[in-house]
Undergrad: 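Following this message is one structure expressed as C-alpha coordinates.
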Protein chains: 2
Amino acid sequence: MPSPHRSRADRRRATELRILNSARELFAEKGFDRTTIRAVATAAGVDPALVMQYFGSKRELFTQAVQAFPALPAATDTDALVDQLLATLDLKLGGLPEGTLVMLRSMLTDPAAADHVRETLDRQIDSVSAALPAAEDPELRAALVITTLLGVTIGHQFLGLAALRDVPADRIASLLRPAFKALTGPPD
Amino acid sequence: MPSPHRSRADRRRATELRILNSARELFAEKGFDRTTIRAVATAAGVDPALVMQYFGSKRELFTQAVQAFPALPAATDTDALVDQLLATLDLKLGGLPEGTLVMLRSMLTDPAAADHVRETLDRQIDSVSAALPAAEDPELRAALVITTLLGVTIGHQFLGLAALRDVPADRIASLLRPAFKALTGPPD
DNA sequence: CCATTCACTCAACACGTGTTGACCCAACCA
DNA sequence: TGGTTGGGTCAACACGTGTTGAGTGAATGG
(Lines give C-alpha, C1' and ligand atoms only; values in the text may rest on other atoms or scores of the structure.)
Protein backbone atom coordinates (compact mmCIF):
# COMPACT_ATOMS: atom_id res chain seq x y z
CA MET A 1 0.00 0.00 0.00
CA PRO A 2 1.95 2.99 -1.28
CA SER A 3 1.57 6.22 0.61
CA PRO A 4 -0.21 8.84 -1.46
CA HIS A 5 1.18 11.48 -3.84
CA ARG A 6 4.95 11.41 -3.34
CA SER A 7 7.77 11.52 -5.80
CA ARG A 8 9.39 8.28 -6.89
CA ALA A 9 12.72 9.20 -5.28
CA ASP A 10 10.99 10.12 -2.04
CA ARG A 11 9.16 6.84 -1.80
CA ARG A 12 12.33 4.96 -2.63
CA ARG A 13 14.27 6.61 0.19
CA ALA A 14 11.33 6.18 2.55
CA THR A 15 10.99 2.44 2.08
CA GLU A 16 14.75 1.96 2.22
CA LEU A 17 14.73 3.72 5.57
CA ARG A 18 11.75 1.67 6.72
CA ILE A 19 13.65 -1.49 5.92
CA LEU A 20 16.74 -0.27 7.73
CA ASN A 21 14.74 0.63 10.81
CA SER A 22 12.99 -2.72 10.93
CA ALA A 23 16.35 -4.42 10.49
CA ARG A 24 17.91 -2.46 13.34
CA GLU A 25 15.02 -3.30 15.62
CA LEU A 26 15.14 -7.01 14.88
CA PHE A 27 18.91 -7.32 14.88
CA ALA A 28 19.01 -5.52 18.23
CA GLU A 29 16.36 -7.79 19.69
CA LYS A 30 17.31 -11.19 18.32
CA GLY A 31 20.86 -10.93 17.02
CA PHE A 32 22.25 -11.65 13.58
CA ASP A 33 21.52 -15.35 13.24
CA ARG A 34 17.93 -15.31 14.43
CA THR A 35 16.92 -12.33 12.37
CA THR A 36 15.70 -13.40 8.94
CA ILE A 37 15.47 -11.33 5.82
CA ARG A 38 11.84 -12.39 5.60
CA ALA A 39 11.08 -11.09 9.08
CA VAL A 40 12.70 -7.76 8.28
CA ALA A 41 10.77 -7.54 5.04
CA THR A 42 7.47 -8.36 6.73
CA ALA A 43 8.10 -5.79 9.46
CA ALA A 44 8.80 -3.21 6.81
CA GLY A 45 5.73 -4.23 4.79
CA VAL A 46 7.79 -5.21 1.81
CA ASP A 47 8.87 -8.23 -0.22
CA PRO A 48 12.04 -10.06 0.90
CA ALA A 49 13.50 -9.69 -2.58
CA LEU A 50 13.41 -5.94 -2.23
CA VAL A 51 15.61 -6.08 0.84
CA MET A 52 18.18 -8.01 -1.16
CA GLN A 53 17.90 -5.63 -4.07
CA TYR A 54 18.58 -2.65 -1.85
CA PHE A 55 21.25 -4.05 0.45
CA GLY A 56 22.77 -6.89 -1.54
CA SER A 57 23.10 -9.38 1.30
CA LYS A 58 22.04 -10.01 4.86
CA ARG A 59 25.57 -9.28 6.02
CA GLU A 60 25.57 -5.92 4.28
CA LEU A 61 22.19 -5.07 5.80
CA PHE A 62 23.62 -5.89 9.21
CA THR A 63 26.62 -3.66 8.60
CA GLN A 64 24.38 -0.79 7.60
CA ALA A 65 22.17 -1.36 10.62
CA VAL A 66 25.10 -0.75 12.93
CA GLN A 67 25.99 2.79 13.61
CA ALA A 68 29.13 3.95 15.35
CA PHE A 69 29.08 4.29 19.11
CA PRO A 70 28.83 7.88 20.22
CA ALA A 71 32.39 9.07 20.72
CA LEU A 72 33.55 9.63 24.26
CA PRO A 73 34.05 13.28 25.09
CA ALA A 74 37.67 14.06 25.76
CA ALA A 75 38.82 15.07 29.21
CA THR A 76 42.24 15.86 30.62
CA ASP A 77 41.32 16.02 34.28
CA THR A 78 40.78 12.70 36.05
CA ASP A 79 37.84 13.81 38.15
CA ALA A 80 36.09 15.28 35.16
CA LEU A 81 36.76 12.08 33.24
CA VAL A 82 35.07 9.96 35.87
CA ASP A 83 32.11 12.28 35.85
CA GLN A 84 31.85 12.09 32.11
CA LEU A 85 32.10 8.32 32.07
CA LEU A 86 29.39 8.05 34.66
CA ALA A 87 27.24 10.51 32.76
CA THR A 88 27.10 7.98 29.92
CA LEU A 89 25.38 5.57 32.28
CA ASP A 90 22.07 7.34 31.72
CA LEU A 91 22.44 6.49 28.08
CA LYS A 92 23.71 2.98 28.64
CA LEU A 93 20.98 2.03 31.06
CA GLY A 94 18.15 3.86 29.42
CA GLY A 95 18.07 4.50 25.71
CA LEU A 96 21.20 3.05 24.23
CA PRO A 97 21.05 3.80 20.49
CA GLU A 98 19.66 0.83 18.61
CA GLY A 99 22.69 0.58 16.36
CA THR A 100 24.80 0.02 19.44
CA LEU A 101 22.42 -2.62 20.75
CA VAL A 102 22.80 -4.40 17.44
CA MET A 103 26.55 -4.71 17.89
CA LEU A 104 26.46 -5.68 21.54
CA ARG A 105 23.75 -8.28 21.05
CA SER A 106 25.73 -10.22 18.47
CA MET A 107 29.26 -9.66 19.73
CA LEU A 108 29.55 -13.07 21.42
CA THR A 109 28.32 -15.15 18.51
CA ASP A 110 29.24 -13.23 15.38
CA PRO A 111 32.95 -12.69 14.73
CA ALA A 112 32.34 -9.59 12.61
CA ALA A 113 30.35 -8.01 15.42
CA ALA A 114 33.04 -9.01 17.90
CA ASP A 115 35.65 -7.28 15.76
CA HIS A 116 33.60 -4.13 15.62
CA VAL A 117 33.05 -4.05 19.38
CA ARG A 118 36.70 -4.81 20.07
CA GLU A 119 37.85 -1.99 17.85
CA THR A 120 35.39 0.43 19.39
CA LEU A 121 36.30 -0.48 22.95
CA ASP A 122 40.01 -0.38 22.16
CA ARG A 123 39.51 3.13 20.88
CA GLN A 124 37.56 4.13 23.98
CA ILE A 125 40.26 2.63 26.17
CA ASP A 126 42.95 4.59 24.38
CA SER A 127 40.91 7.73 24.80
CA VAL A 128 40.40 7.20 28.53
CA SER A 129 43.97 6.08 28.96
CA ALA A 130 45.23 9.31 27.45
CA ALA A 131 43.38 11.21 30.16
CA LEU A 132 45.21 9.33 32.90
CA PRO A 133 48.71 10.70 32.57
CA ALA A 134 49.72 10.52 36.21
CA ALA A 135 48.89 6.92 37.07
CA GLU A 136 50.93 3.88 36.15
CA ASP A 137 49.46 1.30 33.80
CA PRO A 138 46.99 3.82 32.41
CA GLU A 139 45.91 1.54 29.58
CA LEU A 140 45.06 -1.29 31.92
CA ARG A 141 43.19 0.99 34.30
CA ALA A 142 41.24 2.43 31.39
CA ALA A 143 40.40 -1.06 30.19
CA LEU A 144 39.06 -2.01 33.60
CA VAL A 145 36.87 1.08 33.73
CA ILE A 146 35.46 0.44 30.27
CA THR A 147 34.87 -3.26 30.84
CA THR A 148 33.16 -2.43 34.12
CA LEU A 149 30.72 -0.20 32.27
CA LEU A 150 30.28 -2.97 29.72
CA GLY A 151 29.48 -5.49 32.42
CA VAL A 152 26.98 -3.26 34.18
CA THR A 153 25.33 -2.49 30.85
CA ILE A 154 25.03 -6.16 29.97
CA GLY A 155 23.72 -7.07 33.39
CA HIS A 156 21.11 -4.38 33.22
CA GLN A 157 20.15 -4.12 29.59
CA PHE A 158 20.50 -7.67 28.32
CA LEU A 159 20.19 -9.91 31.34
CA GLY A 160 17.77 -7.84 33.36
CA LEU A 161 19.38 -8.68 36.69
CA ALA A 162 16.90 -8.23 39.51
CA ALA A 163 19.28 -6.18 41.62
CA LEU A 164 19.65 -3.62 38.83
CA ARG A 165 16.03 -3.29 37.82
CA ASP A 166 14.36 -0.01 38.72
CA VAL A 167 17.56 1.45 40.10
CA PRO A 168 18.00 5.01 38.86
CA ALA A 169 21.15 5.56 36.85
CA ASP A 170 22.45 8.25 39.17
CA ARG A 171 22.26 5.92 42.13
CA ILE A 172 24.46 3.47 40.29
CA ALA A 173 26.72 6.29 39.23
CA SER A 174 27.13 7.49 42.80
CA LEU A 175 28.14 4.01 43.94
CA LEU A 176 30.48 3.56 41.00
CA ARG A 177 32.19 6.93 41.41
CA PRO A 178 34.47 6.04 44.35
CA ALA A 179 35.31 2.75 42.66
CA PHE A 180 36.32 4.53 39.47
CA LYS A 181 38.36 7.05 41.43
CA ALA A 182 40.21 4.19 43.10
CA LEU A 183 40.73 2.64 39.68
CA THR A 184 41.85 5.69 37.76
CA GLY A 185 44.13 7.14 40.38
CA PRO A 186 45.39 5.18 43.37
CA PRO A 187 44.97 6.86 46.76
CA ASP A 188 48.71 7.72 46.50
CA MET B 1 36.82 -47.56 14.83
CA PRO B 2 35.82 -49.25 18.03
CA SER B 3 38.45 -49.35 20.70
CA PRO B 4 39.46 -52.93 21.47
CA HIS B 5 38.03 -55.38 23.99
CA ARG B 6 35.66 -53.35 26.15
CA SER B 7 32.26 -54.15 27.45
CA ARG B 8 29.22 -52.88 25.59
CA ALA B 9 28.19 -50.67 28.50
CA ASP B 10 31.67 -49.20 28.74
CA ARG B 11 31.81 -48.31 25.09
CA ARG B 12 28.34 -46.82 25.28
CA ARG B 13 29.30 -44.54 28.14
CA ALA B 14 32.57 -43.67 26.44
CA THR B 15 31.00 -42.50 23.18
CA GLU B 16 28.25 -40.65 25.02
CA LEU B 17 30.96 -38.78 26.89
CA ARG B 18 32.88 -38.16 23.67
CA ILE B 19 29.77 -36.62 22.13
CA LEU B 20 29.17 -34.47 25.19
CA ASN B 21 32.75 -33.20 25.18
CA SER B 22 32.65 -32.36 21.48
CA ALA B 23 29.36 -30.58 22.05
CA ARG B 24 30.74 -28.54 24.93
CA GLU B 25 33.75 -27.53 22.91
CA LEU B 26 31.72 -26.44 19.91
CA PHE B 27 28.94 -24.73 21.88
CA ALA B 28 31.59 -22.84 23.86
CA GLU B 29 33.37 -21.76 20.71
CA LYS B 30 30.50 -20.93 18.34
CA GLY B 31 27.37 -20.63 20.45
CA PHE B 32 24.09 -22.48 20.20
CA ASP B 33 22.86 -21.41 16.78
CA ARG B 34 26.09 -21.94 14.86
CA THR B 35 26.81 -25.32 16.36
CA THR B 36 25.21 -28.08 14.28
CA ILE B 37 24.39 -31.58 15.35
CA ARG B 38 26.33 -32.78 12.35
CA ALA B 39 29.45 -30.90 13.43
CA VAL B 40 29.22 -32.35 16.93
CA ALA B 41 28.77 -35.82 15.50
CA THR B 42 31.72 -35.47 13.16
CA ALA B 43 33.94 -34.17 15.94
CA ALA B 44 32.94 -37.16 18.04
CA GLY B 45 33.47 -39.54 15.13
CA VAL B 46 29.87 -40.65 15.13
CA ASP B 47 26.67 -40.48 13.09
CA PRO B 48 24.39 -37.47 13.67
CA ALA B 49 21.48 -39.79 14.35
CA LEU B 50 23.30 -41.22 17.33
CA VAL B 51 23.52 -37.81 18.92
CA MET B 52 19.76 -37.48 18.61
CA GLN B 53 19.22 -41.00 19.94
CA TYR B 54 21.30 -40.27 23.03
CA PHE B 55 20.20 -36.72 23.82
CA GLY B 56 16.79 -36.42 22.17
CA SER B 57 17.21 -32.92 20.77
CA LYS B 58 19.79 -30.24 20.14
CA ARG B 59 18.32 -28.21 22.96
CA GLU B 60 18.66 -31.08 25.42
CA LEU B 61 22.26 -31.64 24.31
CA PHE B 62 22.92 -27.97 24.98
CA THR B 63 21.40 -28.21 28.43
CA GLN B 64 23.53 -31.22 29.26
CA ALA B 65 26.63 -29.46 27.93
CA VAL B 66 26.19 -26.70 30.47
CA GLN B 67 27.41 -27.40 33.93
CA ALA B 68 26.69 -25.25 36.95
CA PHE B 69 29.06 -22.43 37.75
CA PRO B 70 31.36 -23.25 40.62
CA ALA B 71 29.62 -21.94 43.72
CA LEU B 72 31.08 -18.88 45.37
CA PRO B 73 32.70 -19.65 48.69
CA ALA B 74 30.87 -18.02 51.55
CA ALA B 75 32.47 -15.23 53.52
CA THR B 76 31.21 -13.06 56.32
CA ASP B 77 34.05 -10.57 56.44
CA THR B 78 34.13 -7.90 53.75
CA ASP B 79 37.88 -7.92 53.23
CA ALA B 80 37.94 -11.69 52.95
CA LEU B 81 35.06 -11.51 50.50
CA VAL B 82 36.92 -9.15 48.21
CA ASP B 83 39.93 -11.41 48.33
CA GLN B 84 37.85 -14.42 47.47
CA LEU B 85 36.12 -12.65 44.60
CA LEU B 86 39.43 -11.57 43.18
CA ALA B 87 40.82 -15.06 43.60
CA THR B 88 38.22 -16.25 41.08
CA LEU B 89 39.84 -14.00 38.51
CA ASP B 90 42.56 -16.57 37.90
CA LEU B 91 39.84 -18.94 36.91
CA LYS B 92 37.84 -16.42 34.92
CA LEU B 93 40.81 -15.18 32.94
CA GLY B 94 42.58 -18.45 32.51
CA GLY B 95 40.73 -21.70 32.40
CA LEU B 96 37.08 -20.97 32.86
CA PRO B 97 35.31 -24.34 32.82
CA GLU B 98 33.97 -25.08 29.36
CA GLY B 99 30.42 -25.54 30.61
CA THR B 100 30.50 -21.97 31.84
CA LEU B 101 31.87 -20.73 28.54
CA VAL B 102 28.93 -22.41 26.86
CA MET B 103 26.45 -20.39 28.88
CA LEU B 104 28.25 -17.09 28.57
CA ARG B 105 28.81 -17.45 24.84
CA SER B 106 25.12 -17.81 24.09
CA MET B 107 23.59 -15.62 26.76
CA LEU B 108 23.01 -12.64 24.48
CA THR B 109 21.32 -14.52 21.67
CA ASP B 110 19.61 -17.49 23.29
CA PRO B 111 16.85 -16.74 25.81
CA ALA B 112 17.29 -20.05 27.61
CA ALA B 113 20.99 -19.36 28.11
CA ALA B 114 20.15 -15.83 29.25
CA ASP B 115 17.76 -17.25 31.84
CA HIS B 116 20.40 -19.60 33.14
CA VAL B 117 23.03 -16.87 33.43
CA ARG B 118 20.56 -14.50 35.05
CA GLU B 119 19.60 -17.05 37.66
CA THR B 120 23.21 -17.91 38.37
CA LEU B 121 24.28 -14.30 38.71
CA ASP B 122 21.25 -13.47 40.83
CA ARG B 123 22.29 -16.25 43.16
CA GLN B 124 25.87 -15.03 43.27
CA ILE B 125 24.65 -11.52 43.96
CA ASP B 126 22.50 -12.72 46.85
CA SER B 127 25.46 -14.61 48.23
CA VAL B 128 27.78 -11.61 48.04
CA SER B 129 25.06 -9.31 49.30
CA ALA B 130 24.63 -11.45 52.40
CA ALA B 131 28.26 -10.87 53.22
CA LEU B 132 27.82 -7.11 53.20
CA PRO B 133 25.70 -6.56 56.30
CA ALA B 134 27.03 -3.18 57.26
CA ALA B 135 26.67 -1.22 54.07
CA GLU B 136 23.47 0.24 52.67
CA ASP B 137 22.09 -1.09 49.40
CA PRO B 138 24.05 -4.33 49.77
CA GLU B 139 22.24 -6.01 46.90
CA LEU B 140 23.03 -3.22 44.48
CA ARG B 141 26.65 -3.11 45.58
CA ALA B 142 26.92 -6.85 45.15
CA ALA B 143 25.39 -6.61 41.69
CA LEU B 144 27.95 -4.01 40.66
CA VAL B 145 30.81 -6.17 41.86
CA ILE B 146 29.50 -9.21 40.01
CA THR B 147 28.77 -7.35 36.79
CA THR B 148 32.21 -5.80 36.94
CA LEU B 149 33.74 -9.26 37.02
CA LEU B 150 31.43 -10.23 34.18
CA GLY B 151 32.54 -7.27 32.10
CA VAL B 152 36.24 -7.90 32.67
CA THR B 153 35.78 -11.56 31.84
CA ILE B 154 33.99 -10.76 28.60
CA GLY B 155 36.53 -8.14 27.61
CA HIS B 156 39.36 -10.55 28.21
CA GLN B 157 37.99 -13.95 27.32
CA PHE B 158 35.57 -13.24 24.50
CA LEU B 159 36.65 -9.96 22.97
CA GLY B 160 40.38 -10.26 23.51
CA LEU B 161 40.85 -6.58 24.27
CA ALA B 162 44.44 -5.53 23.60
CA ALA B 163 44.82 -3.80 26.94
CA LEU B 164 43.97 -7.00 28.80
CA ARG B 165 46.06 -9.42 26.79
CA ASP B 166 49.08 -10.84 28.57
CA VAL B 167 48.24 -9.10 31.82
CA PRO B 168 48.65 -11.50 34.74
CA ALA B 169 45.49 -12.06 36.73
CA ASP B 170 46.99 -10.88 39.98
CA ARG B 171 47.94 -7.55 38.42
CA ILE B 172 44.31 -7.04 37.48
CA ALA B 173 43.26 -8.23 40.91
CA SER B 174 45.54 -5.75 42.64
CA LEU B 175 44.10 -2.89 40.60
CA LEU B 176 40.54 -4.06 41.16
CA ARG B 177 40.95 -4.55 44.91
CA PRO B 178 40.70 -0.88 45.99
CA ALA B 179 37.80 -0.42 43.59
CA PHE B 180 35.93 -3.34 45.15
CA LYS B 181 36.67 -2.08 48.63
CA ALA B 182 35.20 1.26 47.68
CA LEU B 183 32.20 -0.52 46.24
CA THR B 184 31.52 -2.97 49.04
CA GLY B 185 32.04 -0.63 51.93
CA PRO B 186 32.07 3.14 51.54
CA PRO B 187 34.99 4.95 53.19
CA ASP B 188 32.54 5.74 56.06
C1' DC C 1 25.12 -72.45 19.54
C1' DC C 2 21.31 -69.68 18.68
C1' DA C 3 18.12 -65.92 19.68
C1' DT C 4 18.13 -61.44 21.36
C1' DT C 5 19.64 -57.16 22.60
C1' DC C 6 21.49 -52.83 21.42
C1' DA C 7 25.19 -49.49 19.83
C1' DC C 8 25.42 -47.58 15.67
C1' DT C 9 24.66 -46.26 10.59
C1' DC C 10 22.05 -45.02 6.31
C1' DA C 11 18.94 -42.60 3.72
C1' DA C 12 15.54 -39.67 3.69
C1' DC C 13 11.85 -36.15 5.04
C1' DA C 14 10.11 -31.58 6.03
C1' DC C 15 11.24 -27.18 6.59
C1' DG C 16 13.36 -22.57 6.77
C1' DT C 17 17.01 -20.05 4.91
C1' DG C 18 19.58 -16.54 1.71
C1' DT C 19 19.43 -15.46 -2.79
C1' DT C 20 17.97 -14.93 -7.85
C1' DG C 21 15.62 -13.84 -12.27
C1' DA C 22 11.47 -13.01 -14.62
C1' DC C 23 7.79 -10.21 -14.35
C1' DC C 24 4.16 -6.18 -13.40
C1' DC C 25 2.58 -1.65 -13.32
C1' DA C 26 2.56 3.16 -11.89
C1' DA C 27 5.44 7.24 -12.37
C1' DC C 28 8.17 9.76 -15.45
C1' DC C 29 9.67 12.10 -19.76
C1' DA C 30 9.62 13.50 -24.64
C1' DT D 1 0.07 10.12 -25.96
C1' DG D 2 3.30 6.56 -26.05
C1' DG D 3 7.80 4.54 -24.73
C1' DT D 4 10.88 3.94 -20.99
C1' DT D 5 12.48 3.83 -16.41
C1' DG D 6 12.48 1.71 -12.04
C1' DG D 7 10.07 0.57 -7.47
C1' DG D 8 8.15 -3.42 -6.17
C1' DT D 9 6.30 -8.41 -6.28
C1' DC D 10 6.17 -13.50 -7.36
C1' DA D 11 7.77 -17.93 -7.68
C1' DA D 12 11.38 -20.68 -7.42
C1' DC D 13 16.16 -22.65 -6.66
C1' DA D 14 19.88 -24.63 -3.94
C1' DC D 15 21.26 -25.65 0.35
C1' DG D 16 21.79 -26.73 5.29
C1' DT D 17 19.19 -27.77 9.18
C1' DG D 18 16.96 -30.83 13.06
C1' DT D 19 14.88 -34.93 13.18
C1' DT D 20 13.13 -39.80 12.13
C1' DG D 21 12.54 -44.79 10.99
C1' DA D 22 14.30 -48.77 9.05
C1' DG D 23 18.12 -51.44 8.99
C1' DT D 24 22.93 -53.98 10.34
C1' DG D 25 26.02 -56.58 12.71
C1' DA D 26 28.62 -57.58 16.68
C1' DA D 27 28.39 -58.33 21.74
C1' DT D 28 25.52 -60.72 25.03
C1' DG D 29 23.43 -64.34 27.72
C1' DG D 30 20.91 -68.52 28.19
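Throughout, protein chains are lettered first and strands after them, A, B, ... in sequence-line order, and every chain is numbered starting at 1.
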Undergrad: Specify the separation, in whole Å, of atom CZ of B:Arg11 and atom C1' of C:dT5.
TA: 15 Å

Undergrad: Tell me, which of residues 12-22 of chain A have any heavy atom that sits under 4.0 Å from an atom in DNA chain D?
TA: A:Arg12, A:Thr15

Undergrad: Does A:Asp110 come within less than 4.0 Å of A:Arg59, counting only side-chain N to carboxylate O?
TA: yes

Undergrad: Apply ring pair (Phe, Tyr, Trp, His ring centres under 6.0 Å) to B:Phe62 and list each qualifying residue two or more places apart in sequence or on a separate chain.
TA: B:Phe27, B:Phe32

Undergrad: Output the rounded distance in Å from CG (B:Asp33) to C1' (D:dG18).
TA: 13 Å

Undergrad: Is B:Tyr54 close enough to C:dC8 that one of its side-chain N or O atoms is under 4.0 Å from OP1 or OP2 there?
TA: yes

Undergrad: Find the distance A:Phe55:CZ to D:dG7:C1' and express it as a whole number of Å.
TA: 14 Å

Undergrad: Who passes side chain to side chain donor-acceptor pair (under 3.5 Å) against B:Glu60, sequence neighbours left out?
TA: B:Gln64

Undergrad: Short question: side chain of A:Thr147, backbone of A:Ala143 - any donor-acceptor pair under 3.5 Å?
TA: yes

Undergrad: B:Lys58 side chain to B:Thr35 main-chain N or O, any donor-acceptor pair under 3.5 Å?
TA: yes

Undergrad: Taking CG from A:Leu61 and P from C:dG18, how many angstroms apart are they, rounded to a whole number?
TA: 10 Å

Undergrad: Check this for me: does any side-chain nitrogen of one of A:Asp126 and A:Arg123 sit under 4.0 Å from a carboxylate oxygen of the other?
TA: no

Undergrad: Between protein and nucleotides 19-24 of chain D, what N or O pairs are separated by less than 3.5 Å?
TA:
| residue | atom | partner | partner atom | Å |
| --- | --- | --- | --- | --- |
| D:dT19 | OP2 | B:Lys58 | N | 2.8 |

Undergrad: Just jot down the side chain to side chain donor-acceptor pair (under 3.5 Å) partners of B:Glu139, sequence neighbours excluded, or say none.
TA: none

Undergrad: Hey, does the side chain of A:Arg105 reach the backbone of A:Ala28 with a donor-acceptor pair shorter than 3.5 angstrom?
TA: yes

Undergrad: What is the distance, to the nearest angstrom, from the CG atom on A:Leu50 to the C1' atom on C:dG18?
TA: 15 Å

Undergrad: Say whether, by atom type as modelled, one donor and one acceptor occur between the side chain of A:Asp137 and the main chain of A:Leu140 under 3.5 angstrom.
TA: no

Undergrad: Please check: side-chain N/O of B:Arg141 versus main-chain N/O of B:Leu183, any donor-acceptor pairing under 3.5 Å?
TA: yes

Undergrad: Does NZ or CZ of B:Arg12 lie under 6.0 Å from the centre of the six-membered ring of B:Tyr54, at an angle within 45° of the ring axis?
TA: yes

Undergrad: Which pairs, protein N/O on one side and nucleotides 25-27 of chain D N/O on the other, fall under 3.5 Å?
TA:
| residue | atom | partner | partner atom | Å |
| --- | --- | --- | --- | --- |
| D:dA27 | N3 | B:Arg8 | NH1 | 3.3 |

